[in-house]
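Before any comments, here is the structure.
Note on naming: letters A, B, ... go to the chains in the order of the sequence lines (proteins, then strands), and numbering restarts at 1 for each one. Only a predicted model underlies this, so the values are computations on that prediction, with no experimental measurement involved. The figures here come from the full heavy-atom set of this structure, side chains too, leaving out hydrogens, waters and symmetry mates.
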Amino acid sequence: MDGRKLTAGEIRQGLLEKHFTAKELTESYYKRIYEKEPVIEGFLTLCRDDALAQAERIDEKIKNGEPVGRLAGVPTAIKDNICTEGIKTTCASRMLCDFAPPYDATVVRKLKEADAIIIGKTNMDEFAMGSSTENSAFKKTRNPWDRERVPGGSSGGSAAAVAAGMAVLALGSDTGGSIRQPAAFCGVVGLKPTYGLVSRFGLVAFGSSLEQIGPIAQNVKDCALALEVIQGEDRLDSTSVNHIMQKGLKDADEEGIKSMKIAVPVEFFNSGLETEIKAAISESVEKFKAMGAFVEEISLPLTSEGLSAYYIISSAEASSNLGRFDGIRYGYRPEKFKDLNELMEKSRSEGFGEEVKRRIMLGTFVLSSGYYNAYYNKAQKLRRKIKEQFIKVFKSYDIVLSPASPVLPFKIGEKSTDPLEMYLSDIYTVNINLAGIPALSMPCGFSRSGLPIGLQIIGPHFGEEKIFKAAYALERELKLNSTGPEL
Amino acid sequence: MKISVEDINYIAGLAKLRLTPEQAESMIKELERVLSHFEVIDRMDLDDNSPDTCDCSINPVFRQDEVFVFEDKEKLFRNTGAMRDAYIKVPKIIE
């Protein structure tokens, strides 16, 4: 069988109606993975035995007439910075190359409880620092639409695996765009939830005040369903939020978007935005108007300054969070060292890659005496201003539309020697993390050369339902070719 | 923004990283370029804004500080380099 064209909902239905078994479906996905993975290189670890055992458990439940979870039998890939019990979780770093967590992240536990099948761990930029997945210590993932190009990052392996039909769902993490930008580059749907909606317990920390785990899927409905499963307060994460449960698409999908108020910030369409992206986004804006939405241009003046604030705050948090990797208790340790200081310095200098070291240096610099006020403190002040700016916009509008990336997927190696150039490609996504609001990236068209273009739909705090409603309406209207890239 | 070799080595020391002279040189160039870009916010007048240190509008999860026993201790020790009896063996860390 080939389950590649089935949605998560169709897989569950197909299992219940006994059109196929979970084991058959899982086997079919591994067959595809073994065929396509040598080309895409999206996975760092595959867990076939565990996946088949889980599939058999689901088949047994169905055979016995027991209820099954909402993601029953759905092949799901997990970014390699999210802990999976007994399965290597390396963060694509030499530092953690042998690390197998003793517990599951809360989101992984929830997926398993919903009877999803964890098929493997996906490649990423080391410790989620990067926008191309080229910073992985182990392999370079290729964009399924053009194998000379990057899949975006840092959740590039997750987005590529879904786009290549090697997984139905994937989890990514998004600190400054790391779900949305790869989703845009790979032509799939990715959501960064509101800060606090999804537990971060078991996510290896990079920028704790900014990051969220979120779903990547082939379509809006699957993305919404995955969010419904993984969301919710968690006693193991004090930044998860009480009593706020989103309904995803359940009640919203058939209502359409008539009378929805949509803002389009002019600053997101300035120079630096590739013309084909601009044209595709404008076309989507027109579709929203035609569907009965009220669309208006607005000004969000702090967009470019936000990029600086983001890199200051995230690097500062990274320098602190990554302080735990000292070579003493676990992780990479050099064979020879003469004293404690040399042990730590060698562990970190040999265990971390170039970009991680650069961010640690940057973070240490902006937190150091004499520079704290000029950089870190000011960035935190600007962060508040940006958040207030968004809150004000959402008093008058339901959602905001923008591009997900100013550039189309770039060639492997094209930006990897210029860190600032790479950072600038995050300009449309980082402000959303600073404000803690949710945003989704979805395909809205293709360039002349056949590369996917991503539209970003931004919502107010805990406004995921509005985002999904708009995204679902546009997805139905655009009717983009859903057969995926040719591989 | 100008960064000296002494500055970069001082920061590397704080960050417990060791840079070769060539790495220090290229790190200086990269950080100078990035920090020059960041200067845009130092020029902004943000005195009326307080730093965004917490979001007090949301209700976070609190729990009692209770002990939960992690049953499978073997799993916890799986990632340690070496064990002696019930102790994790680490390099000498007291000087």
Side-chain angles (χ1 to χ4, degrees), chain A residues 85-86 98-100 102-103 195-196 233-235 237-243 304-305 308-309 311-312 319 323 326-330 333 337 339-341 343-346 348-349 352 357-358 360-362 364-366 368 374-375 377-385 387 419-420 423 436 461, chain B residues 1 3 7-8 10-20 23 26-27 30-31 33-44 46-55 57-64 66 68 70 72-81 88 90-95:
Chain A
E85 187 186 327
D98 293 319
F99 178 66
Y103 58 86
Y195 186 81
E233 67 180 87
D234 180 8
R235 54 178 288 281
D237 175 6
S238 65
T239 64
S240 67
V241 175
N242 270 323
H243 310 306
S304 63
E305 289 84 351
S308 298
Y311 272 96
I312 290 167
S319 72
D326 53 14
I328 292 171
R329 289 147 301 170
Y330 64 102
R333 183 190 296 165
F337 48 88
D339 56 23
L340 177 62
N341 203 46
L343 162 65
M344 287 198 246
E345 286 187 351
K346 274 185 143 183
R348 292 164 65 77
S349 302
F352 290 138
K357 285 190 257 189
R358 196 178 291 123
I360 291 173
M361 288 291 287
L362 195 54
T364 308
F365 184 91
V366 297
S368 65
Y375 291 103
N377 207 22
K378 274 232 155 164
Q380 288 288 22
K381 287 180 176 182
L382 180 57
R383 180 179 188 172
R384 167 148 299 192
K385 206 165 172 177
K387 189 188 276 181
L420 182 59
Y423 299 171
H461 289 103
Chain B
M1 178 82 221
I3 302 174
D7 289 340
I8 211 80
Y10 171 69
I11 296 295
L14 291 177
K16 291 276 180 266
L17 290 170
R18 183 173 289 196
L19 303 176
T20 63
Q23 286 172 329
S26 92
M27 188 72 82
E30 287 160 4
L31 291 197
R33 197 154 167 253
V34 172
L35 289 164
S36 299
H37 189 84
F38 290 175
E39 277 167 13
V40 61
I41 69 165
D42 194 32
R43 291 193 291 270
M44 293 176 81
L46 294 165
D47 288 345
D48 292 343
N49 292 76
S50 55
D52 188 60
T53 47
C54 79
D55 189 340
S57 63
I58 56 173
N59 186 15
V61 171
F62 286 110
R63 62 179 159 88
Q64 293 301 314
E66 291 165 342
F68 284 84
F70 192 94
D72 194 348
K73 302 254 183 331
E74 290 282 308
K75 270 187 205 163
L76 287 177
F77 300 143
R78 199 159 41 196
N79 291 292
T80 59
I88 299 170
V90 298
K92 188 182 171 196
I93 52 170
I94 300 166
E95 294 183 339

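Neither the backbone nor the side chain of A:S319 comes within contact range of chain B; no heavy atom of the residue lies under 4.5 Å from a heavy atom of that chain. For A:Y311, the parts lying near chain B are the backbone and the side chain together; criterion is any non-hydrogen pair under 4.5 Å. Contacts between B:R18 and chain A at a heavy-atom distance below 4.5 Å involve backbone atoms as well as side-chain atoms. Only the side chain of B:Q23 comes within contact range of chain A, judged by heavy atoms closer than 4.5 Å. The contact between B:R33 and chain A is made by backbone and side chain atoms together, counting heavy-atom distances below 4.5 Å. For B:L35, the parts lying under 4.5 angstrom from a heavy atom of chain A are both the backbone and the side chain. Contact annotation for B:Y10: neither backbone nor side-chain heavy atoms come within less than 4.5 Å of a heavy atom of chain A. Of the two parts of B:M44, the backbone and the side chain both hold a non-hydrogen atom closer than 4.5 Å to a non-hydrogen atom of chain A.
Between A:I328 and B:P91, the shortest heavy-atom contact is O-CD, 3.9 Å. Across all their heavy atoms, B:L31 and A:M361 have their closest contact at CD1-CB, 4.1 Å. Taking all atoms of both residues into account, the shortest heavy-atom contact from A:S240 to A:D234 is OG-N, 2.9 Å. Contact record, A:K357 with A:F352: CE-O, 3.2 Å, taken as the closest heavy-atom pair.
In this structure, the side chains of A:S368 and B:I11 come closer than 4.5 Å at one or more pairs of heavy atoms. Side-chain contact between A:D339 and B:K92: absent, with no pair of heavy atoms (C-beta onward) separated by less than 4.5 Å. Side-chain contact between B:F62 and A:R235: absent, with no pair of heavy atoms (C-beta onward) separated by less than 4.5 Å. Residues A:R348 and A:I360 form a side-chain contact, since some pair of their non-hydrogen atoms from C-beta on lies under 4.5 Å apart.
Interface summary for chain A: among B:L76, B:I88, B:V90, B:L17, the most heavy-atom pairs under 4.5 angstrom belong to B:L17. Of all the listed residues (B:F70, B:F77, B:F68), the one sharing the greatest number of non-hydrogen pairs under 4.5 Å with chain A is B:F68. Most heavy-atom pairs under 4.5 Å with chain A: of the set B:T80, B:I41, B:L19, B:V40, this distinction falls to B:I41. The residue among A:P419, A:A309, A:A100 with the most heavy atom pairs within less than 4.5 Å of chain B is A:A100. Chain B forms the most heavy-atom pairs under 4.5 Å with one residue out of A:N377, A:D237, A:I312, and that residue is A:I312.
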